Each structure stands twice: as C-alpha cells, then as structure tokens.
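Presented below is the structure to which this report refers.
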Amino acid sequence: MNHTPIMLNLHGRPAVVIGAGKVAARRSRWLLEAGARVTVVAPEAGGEIRTLAGEGKLHWRKKAFEPADLHDAWVVVAATDSAEVNRKVAEAAGSRQLVNVVDRPSLGNFHVPVRLNRGRLTLSVSTGGASPFLARMIRDELAEQYDESWREKLDRLYREREKIRTSGLSEEEKRRRLRRLAEED
Ligand SMILES: C[C@@]1(CC(=O)O)c2cc3[nH]c(cc4nc(cc5[nH]c(cc(n2)[C@H]1CCC(=O)O)[C@@](C)(CC(=O)O)[C@@H]5CCC(=O)O)C(CC(=O)O)=C4CCC(=O)O)c(CCC(=O)O)c3CC(=O)O
Ligand SMILES: NC(=O)C1=CN([C@@H]2O[C@H](COP(=O)(O)OP(=O)(O)OC[C@H]3O[C@@H](n4cnc5c(N)ncnc54)[C@H](O)[C@@H]3O)[C@@H](O)[C@H]2O)C=CC1
C-alpha cells in the first residue's frame, strides 16, 4: 500500500466512466459533484445514468468500450461488470491518466474513499481496500461528531483567518490569533 490522499481540482476536466450500472453511477455522481465533464461509455445504461444523460448533466456514448474513448480524459474509471473489459481499459490508459478500476484497484493508480462534506470541511476515509463497509461505518460516526453546524463554523473561520492574514499585525501575533481561532471551535 503506497497511497496518499490529495484534494484534487477536477473542475472542467474531462472524465470518462466505462460502464453505466450501479457503481458507474456512483462514480459519475462523485465526478459531477467535483465539477468534471463526464462522459459515460456503455451499450446499456441503468436508470440513474439515463436520467443524468437526459438532463444533460453528462454525455452517454451508447457503445462498447474502445481504447479511443480514453483519448482526452484526465480521469478514467473502469466500472463494467466484466473483469476482462476493465483490464483492457486499464491497459489502454496512459501512464499519466488517473485510473480507477472498481473490481481490481491495483490495476489503476487511485481508489475512492468515502467522503463527508461539511462545506469547507472534507473528511475522507479509506481502509485501503480492506472493508468499504467499515469505511462507511467510520464515516457515519464522524457524521454525528461533525454535524451540519460545522459548515457555518468553517465559513466563519475562513473569514476570520483572512482578516488576520491581511492585517498589519506581526507574524508572531498572527500565528497566536490563528491558533486561538481554531481552538475556540
Ligand atoms: C478499493 C476500492 C476501489 C474503488 O472502487 O475505488 C473498492 C473496491 C471494491 N469494493 C467492492 C465492493 C463493495 N464496495 C461497496 C461500497 C463502496 N466502495 C467504496 C470504495 C472502494 N471500493 C475502494 C476502497 C475504499 C476503502 O479503502 O475503504 C466506497 C467507500 C466509495 C465508493 O465506491 O464511492 C463505497 C461506499 C459507499 C458509500 O458511500 O456508502 C459495497 C457496498 C455497496 O455497494 O453498497 C460493496 C459490496 C460489499 C463488499 O463486497 O464489501 C469490491 C468487491 C467487488 C466484487 O465483489 O466484485 C471491490 C474490489 C476489491 O475489493 O478488490
Ligand atoms: N468499487 C466498488 O465500490 C464496487 C465494485 N463492484 C464491482 O463493480 C462491477 C460493476 O458493478 P455494477 O455497477 O453493479 O454492474 P452493473 O451490472 O450494474 O453494470 C455493468 C455495466 O457495464 C456495462 N458494460 C458491459 N460491457 C461493457 C463494455 N464492453 N463496454 C462498456 N460498458 C460495458 C454494461 O452495459 C452496464 O452498464 C462489478 O463487477 C463488481 O466487481 C461492485 C460493488 C462495489
């Protein structure tokens, strides 16, 4: 295991999801929330992908996977129900593309943690593939501890921090106030 978490800005970046079933729908939702331009490639699609395509939120290419489908993608997700097709997707991807293979993560270069968003606060949990169910349970515990009130708290902290940072105070005084600000919450 050699994975490291990062906060990636996918806004406006092309992403291709191969497959259009349950897992592909979950990955597509995640990519859309991140602001990516999502294309789904699959001969048949489940209800959720059909709806998203109908609403113009993503583009559905109604066809079987071909290597050319990955052409300009930043992110590639192999999410078909065929291990063989998913392996071909991983093989066709370039070494600089971000690749997630849902049935065999080791064929790609990233996997997807469970997330909890409270505005500017993002918590994410990975069990390194040991147990997606456990990851979800830990997320649910964190959701109780970090309830909805944290959205506002974080917005306030952000504004206060900007004020302190742009003030004429000494660096030492800024640090002191920034620490106190975080401790108050
Ligand atoms: C490695 C990883 C790679 C990746 O997909 O990026 C991966 C891999 C695999 N998952 C499998 C199965 C299931 N995964 C879920 C659910 C989730 N899986 C997610 C992430 C990850 N799953 C990554 C590691 C995360 C970590 O490190 O903890 C979550 C957290 C996020 C998300 O998917 O968005 C999401 C929580 C949903 C939520 O938010 O509630 C369910 C339950 C369900 O579907 O309801 C089942 C069925 C039950 C079971 O089998 O446990 C299988 C076997 C497939 C098979 O049997 O063929 C593999 C393949 C393998 O393990 O090799
Ligand atoms: N990582 C995760 O969280 C999880 C992964 N899985 C794995 O994900 C796989 C997919 O599961 P579901 O979404 O439930 O499957 P599904 O049966 O709902 O969907 C499969 C999709 O793949 C498409 N497909 C098949 N051949 C294709 C091809 N040649 N080109 C393009 N699309 C093709 C089908 O048209 C369909 O849209 C499962 O095989 C399972 O191993 C399952 C549960 C969770």
Side-chain angles (χ1 to χ4, degrees), residues 1-8 10 13-55 57-94 97-118 121-148:
M1 283 299 298
N2 251 327
H3 290 95
T4 191
I6 61 170
M7 298 299 283
L8 187 63
L10 288 178
R13 303 297 182 189
V16 174
V17 177
I18 313 299
K22 188 192 73 163
V23 178
R26 200 157 70 208
R27 289 289 177 281
S28 298
R29 243 187 289 126
W30 165 65
L31 289 163
L32 289 171
E33 278 165 21
R37 284 193 286 118
V38 178
T39 300
V40 170
V41 179
E44 299 298 333
E48 193 170 351
I49 295 289
R50 281 174 188 274
T51 303
L52 290 169
E55 292 170 348
K57 298 208 170 114
L58 56 73
H59 180 62
W60 173 26
R61 279 188 212 142
K62 196 172 185 317
K63 62 185 269 302
F65 166 72
E66 291 164 290
D69 292 317
L70 308 186
H71 174 59
D72 67 344
W74 262 48
V75 181
V76 173
V77 177
T80 78
D81 54 353
S82 156
E84 172 74 10
V85 175
N86 290 347
R87 191 179 50 76
K88 283 193 178 139
V89 174
E91 277 169 13
Q97 286 175 311
L98 292 167
V99 185
N100 175 227
V101 182
V102 301
D103 60 337
R104 249 183 98 188
S106 59
L107 293 181
N109 52 25
F110 79 95
H111 60 259
V112 181
V114 280
R115 283 95 45 207
L116 176 68
N117 279 303
R118 297 293 189 228
L121 179 65
T122 302
L123 301 174
S124 77
V125 181
S126 166
T127 59
S131 170
F133 274 125
L134 176 63
R136 195 191 327 203
M137 278 163 56
I138 295 174
R139 190 257 323 267
D140 292 346
E141 282 174 24
L142 290 170
E144 282 183 29
Q145 192 178 344
Y146 293 90
D147 61 17
E148 292 289 340

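Numbering of ligands and ligand atoms starts at 1, following listing order. None of these values were measured; they are calculated from a predicted model.
Within ligand 2, counting atoms from 1 as listed, the ones closer than 4.0 Å to a heavy atom of Glu44 are 34 (C), 35 (O), 36 (C), 37 (O). Those atoms of ligand 2 with a heavy atom of Val85 less than 4.0 angstrom away are 28 (C), 29 (N). Less than 4.0 angstrom separates some heavy atom of Asp103 from each of these atoms of ligand 2: 41 (O). Within the listing of ligand 1, atoms 4 (C), 6 (O), 20 (C), 21 (C), 23 (C), 25 (C), 31 (C) sit less than 4.0 angstrom from a heavy atom of Val112. Remark: ligand 1 atoms within the under-4.0 Å shell around heavy atoms of Gly128 are 26 (C), 27 (O). Under a 4.0 Å criterion applied to the non-hydrogen atoms of Gly19, ligand 2 contributes the atoms 22 (O), 23 (C), 32 (N). Within ligand 2, the atoms closer than 4.0 Å to a non-hydrogen atom of Ile18 are 31 (C), numbered from 1 in the order shown. Contact atoms of ligand 1 toward Ser126: 26 (C), 27 (O), 28 (O) (distance under 4.0 Å to a heavy atom of the residue).
Counting only heavy atoms, the protein gets under 4.0 Å from atom 1 (C) of ligand 1. Inside a 4.0 Å radius of atom 27 (O) of ligand 1 there is at least one protein heavy atom. Proximity of atom 57 (O) of ligand 1 to the protein is not indicated, since no non-hydrogen protein atom lies closer than 4.0 angstrom. Under the 4.0 angstrom criterion, atom 51 (O) of ligand 1 counts as having a protein heavy-atom contact. Protein heavy atoms all stay at least 4.0 Å away from atom 54 (C) of ligand 1. For atom 48 (C) of ligand 1, a protein heavy-atom neighbour is present inside the 4.0 Å cut-off.
Under the 4.5 Å side-chain criterion, counting only non-hydrogen atoms from C-beta, Asn100 is not in contact with Val75. The closest side-chain heavy-atom distance from Leu70 to Phe65 is below 4.5 Å. Within the 4.5 Å cutoff, no side-chain heavy atoms of Thr39 are placed close to those of Pro14. Side-chain contact between Val17 and Leu58: absent, with no pair of heavy atoms (C-beta onward) separated by less than 4.5 Å. Side-chain contact between Arg104 and Asn86 is absent, with no heavy atoms from C-beta onward closer than 4.5 Å. With a 4.5 Å cut-off on side-chain heavy atoms, Asp140 and Glu144 do not count as touching. Counting heavy atoms from C-beta on, the side chains of Leu142 and Gln145 come closer than 4.5 Å. Side chains of Glu44 and Lys62 form a contact here, defined as non-hydrogen atoms less than 4.5 Å apart.
Under 4.0 Å is where a charged nitrogen must lie from a carboxylate oxygen, and between Arg87 and Glu84 at least one such pair does. A salt bridge does not link Arg29 to Glu33: none of the charged side-chain nitrogens sits closer than 4.0 Å to a carboxylate oxygen.
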Original post:
Given the rule in the side chain to side chain contact (heavy atoms under 4.5 Å, CB included) test, do Val89 and Val76 qualify, once you have shown the distances and angles that lead to the verdict?
Top reply: CA-CA 8 Å; Val89 174; Val76 173; 3.6 Å; yes
**OP:** Starting from the C-alpha separation in whole Å, work towards a yes-or-no answer on side chain to side chain contact (heavy atoms under 4.5 Å, CB included) for Arg37 and Arg13.
**Re:** CA-CA 6 Å; Arg37 284 193 286 118; Arg13 303 297 182 189; over 6 Å; no
Original post:
side chain to side chain contact (heavy atoms under 4.5 Å, CB included) between Met7 and Thr122: does it pass, once the steps are laid out?
Top reply: CA-CA 9 Å; Met7 298 299 283; Thr122 302; 3.7 Å; yes
Original post:
Can Leu31 and Leu10 be said to form a side chain to side chain contact (heavy atoms under 4.5 Å, CB included), step by step?
Top reply: CA-CA 8 Å; Leu31 289 163; Leu10 288 178; 3.9 Å; yes
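For Thr127, heavy-atom contacts with ligand 1 shorter than 4.0 Å involve the backbone as well as the side chain. When heavy-atom distances to ligand 1 are checked against a 4.0 Å cut-off, Arg139 comes that close only through its side chain, counted from C-beta outward. Looking at Ala135 against ligand 1, only its side chain comes within 4.0 Å, counting heavy atoms. Only side-chain heavy atoms of Arg27 come within less than 4.0 Å of ligand 2; its backbone N, CA, C and O stay farther off. At a heavy-atom cutoff of 4.0 Å, ligand 2 is contacted by the backbone of Val41 but not by its side chain. Residue contacts with ligand 1, taken as heavy atom pairs separated by less than 4.0 Å, do not involve Trp30 at all. Residue contacts with ligand 1, taken as heavy atom pairs separated by less than 4.0 Å, do not involve Val23 at all.
Looking at atom 2 (C) of ligand 2, its nearest protein heavy atom turns out to be Arg26 NH2, 3.7 Å. Taking atom 22 (N) of ligand 1 as the reference point, the nearest protein heavy-atom neighbour is Pro132 CG, 3.8 Å. The nearest heavy-atom contact from the protein to atom 32 (C) of ligand 1 is Arg27 NH1, 3.1 Å. Protein heavy atom nearest atom 14 (O) of ligand 2, with residue, atom name and distance: Lys22 CB, 3.7 Å. The nearest heavy-atom contact from the protein to atom 21 (C) of ligand 2 is Ala20 N, 3.7 Å. Taking atom 25 (C) of ligand 2 as the reference point, the nearest protein heavy-atom neighbour is Asp81 OD1, 3.4 Å. The nearest protein atom to atom 5 (C) of ligand 2, hydrogens excluded, is given as Val102 O, 3.4 Å; this is a heavy-atom distance. When hydrogens are left out, the protein atom nearest atom 19 (O) of ligand 2 is Gly21 CA, 3.3 Å; that is the closest non-hydrogen contact. Thr80 CA, 3.4 Å is the protein heavy atom nearest to atom 22 (O) of ligand 2. Nearest non-hydrogen protein atom to atom 11 (O) of ligand 2 is Val23 CG2, 3.7 Å.
Looking only at distances, a side-chain donor or acceptor of Asp69 sits under 3.5 Å from a matching main-chain atom of Glu66. Distance alone, capped at 3.5 Å, is enough to place a donor-acceptor pair between the Gln97 side chain and the Ala73 backbone. Of the possible polar contacts, one joining the Arg118 side chain to the Tyr146 backbone as a donor-acceptor pair under 3.5 Å is found. At least one donor-acceptor pair closer than 3.5 Å links the side chain of Arg50 to the backbone N or O of Ala45.
For His111, the heavy-atom gap to ligand 2 stays at 4.0 angstrom or more. Heavy atoms of Pro43 come nearer than 4.0 angstrom to ligand 2 in at least one pair.
At least one N or O atom of Gly129 sits closer than 3.5 Å to an N or O atom of ligand 1. For ligand 2, the polar-atom distance check against Phe65 finds a nitrogen or oxygen pair separated by under 3.5 Å. Residue contacts with ligand 2: Lys63 is placed with no nitrogen or oxygen under 3.5 Å of a nitrogen or oxygen of the ligand (distance criterion only).
Among all heavy-atom pairs drawn from Ala93 and Val99, the shortest one is CB-CG2, 3.5 Å. For the residue pair Ser28 and Val40, the shortest heavy atom distance occurs at OG-CG2, 3.8 Å.
When the options His111, Lys22, Arg26, Arg136 are ranked by their closest heavy atom to atom 16 (C) of ligand 1, first place goes to Arg26. Of the candidates Val114, Val77, Val101, Val102, it is Val114 that places a heavy atom closest to atom 36 (C) of ligand 1.
With hydrogens and angles left out, the side-chain atoms of Ser126 and His3 include no donor and acceptor closer than 3.5 Å.
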